[in-house]
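Heads up, the thing below is written out as structure tokens.
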Amino acid sequence: MKVSKELFEAVMNIKINTLEIDDFDYIWIHIDRTDLSRVDSINNFFFKSKKWAIEQKYYIRSFEGKDGSGYATPEEISISGDMNFQLNADSEQQAVFDACQWILDNKGN
């Protein structure tokens with residue numbers, strides 16, 4: 001899974017010292033099915049991302065497709081009705097991360 005450094009910093013409310021990490025634009029999250037602590041960490045970040053979106057005045061409606069793909073729709077809380085787009089990804093988690101990235105890019109912190 002792919003999460004931008006800026007989104008990771010915003011959701012986790014921390015700053016990553018880029019001098020300690022060599023030129024990266026994205027944090028790659030690899031799921032090792034045998035390492036349940038990693039899966040748990042991804043799920044924790046997934047739910048923290050949804051909570052962060054709410055703090056930005058967005059609700060992210062997401063679901064997993066039958067084939068394991070994911071879909072997410074960011075909806076501004078202050079308006080009624082759906083947004084006119086849906087983000088599609090390989091998994092529900094990635095779709096939510098992509099929706100949060102859209103919020104970050106379009107609304108800022």
Side-chain angles (χ1 to χ4, degrees):
M1 294 195 206
K2 189 169 83 167
V3 175
S4 74
K5 179 179 82 69
E6 293 78 15
L7 179 61
F8 185 82
E9 289 177 335
V11 169
M12 299 304 289
N13 196 27
I14 62 168
K15 271 296 205 196
I16 296 173
N17 185 349
T18 54
L19 296 176
E20 295 175 5
I21 302 171
D22 295 333
D23 297 325
F24 74 95
D25 291 327
Y26 288 91
I27 296 168
W28 290 89
I29 303 173
H30 301 281
I31 299 176
D32 180 351
R33 295 286 180 200
T34 62
D35 185 352
L36 295 179
S37 65
R38 284 188 175 180
V39 173
D40 184 50
S41 295
I42 291 167
N43 286 334
N44 285 342
F45 187 72
F46 170 78
F47 289 111
K48 285 182 181 193
S49 296
K50 283 190 149 197
K51 181 181 176 188
W52 174 85
I54 290 171
E55 292 167 356
Q56 308 309 306
K57 308 293 187 232
Y58 279 84
Y59 170 75
I60 297 178
R61 186 167 36 114
S62 67
F63 61 95
E64 183 176 353
K66 289 180 182 178
D67 62 354
S69 61
Y71 308 91
T73 303
E75 299 174 0
E76 195 166 353
I77 293 172
S78 62
I79 62 174
S80 60
D82 292 341
M83 298 295 281
N84 292 328
F85 66 95
Q86 175 176 285
L87 296 160
N88 305 325
D90 293 338
S91 68
E92 181 180 2
Q93 288 98 335
Q94 187 64 58
V96 168
F97 302 153
D98 293 347
C100 286
Q101 186 66 51
W102 180 89
I103 294 168
L104 186 66
D105 292 344
N106 290 283
K107 290 294 184 179
N109 283 333

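Since the structure is predicted, the reported quantities are computational estimates derived from the model, not experimental observations.
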>> Return the CG to OH distance between Leu104 and Tyr58, rounded to the nearest 0.5 Å.
In response: 11.5 Å

>> Does this structure show an ion pair linking Arg61 with Glu75, if we count only N-O contacts that are shorter than 4.0 Å?
In response: yes

> Going from CD on Glu55 to CD1 on Ile77, what distance comes out if it is rounded to the nearest 0.5 angstrom?
Replying inline: 10.0 Å

> Relative to each other, are the rings of Phe97 and Phe45 parallel, tilted or perpendicular (30° and 60° limits)?
Replying inline: tilted

>> So, using side-chain contact (heavy atoms from CB on, under 4.5 Å) as the criterion, who are the partners of Lys48 when residues are at least two apart?
In response: Val11, Met12

> Just how far is it from atom CG of Asn88 to atom CD of Gln94, taken to the nearest 0.5 Å?
Replying inline: 12.0 Å

> Under 4.5 Å between side-chain heavy atoms, hopping through other hydrophobics if needed: is there a path connecting Phe63 to Val96?
Replying inline: no

>> Going by the rule side chain to side chain donor-acceptor pair (under 3.5 Å), which residues pair with Asn13 if we only count those two or more places apart in sequence or in a different chain?
In response: none

>> Just verifying a value: how many Å separate Asp105 CG and Glu6 CD, rounded to the nearest 0.5 Å?
In response: 8.5 Å

>> Quick check: closest heavy atoms across Ala53 and Cys100, and the distance to 0.1 Å?
In response: CB-SG, 4.3 Å

> To the nearest 0.5 Å, what is the distance between OG (Ser62) and CG (Leu87)?
Replying inline: 11.0 Å

>> Nearest 0.5 Å, please: how far is CG in Leu7 from NZ in Lys2?
In response: 12.0 Å

>> Show the nearest heavy-atom pair for residues Pro74 and Trp102, with the distance to one decimal.
In response: CG-CE3, 4.0 Å

> Can you check whether Glu76 reaches Tyr59 side chain to side chain, under 4.5 Å on heavy atoms?
Replying inline: no

>> With no hydrogens and no angle check, just 3.5 Å: does a side-chain donor-acceptor pair link Tyr71 and Ser69?
In response: yes

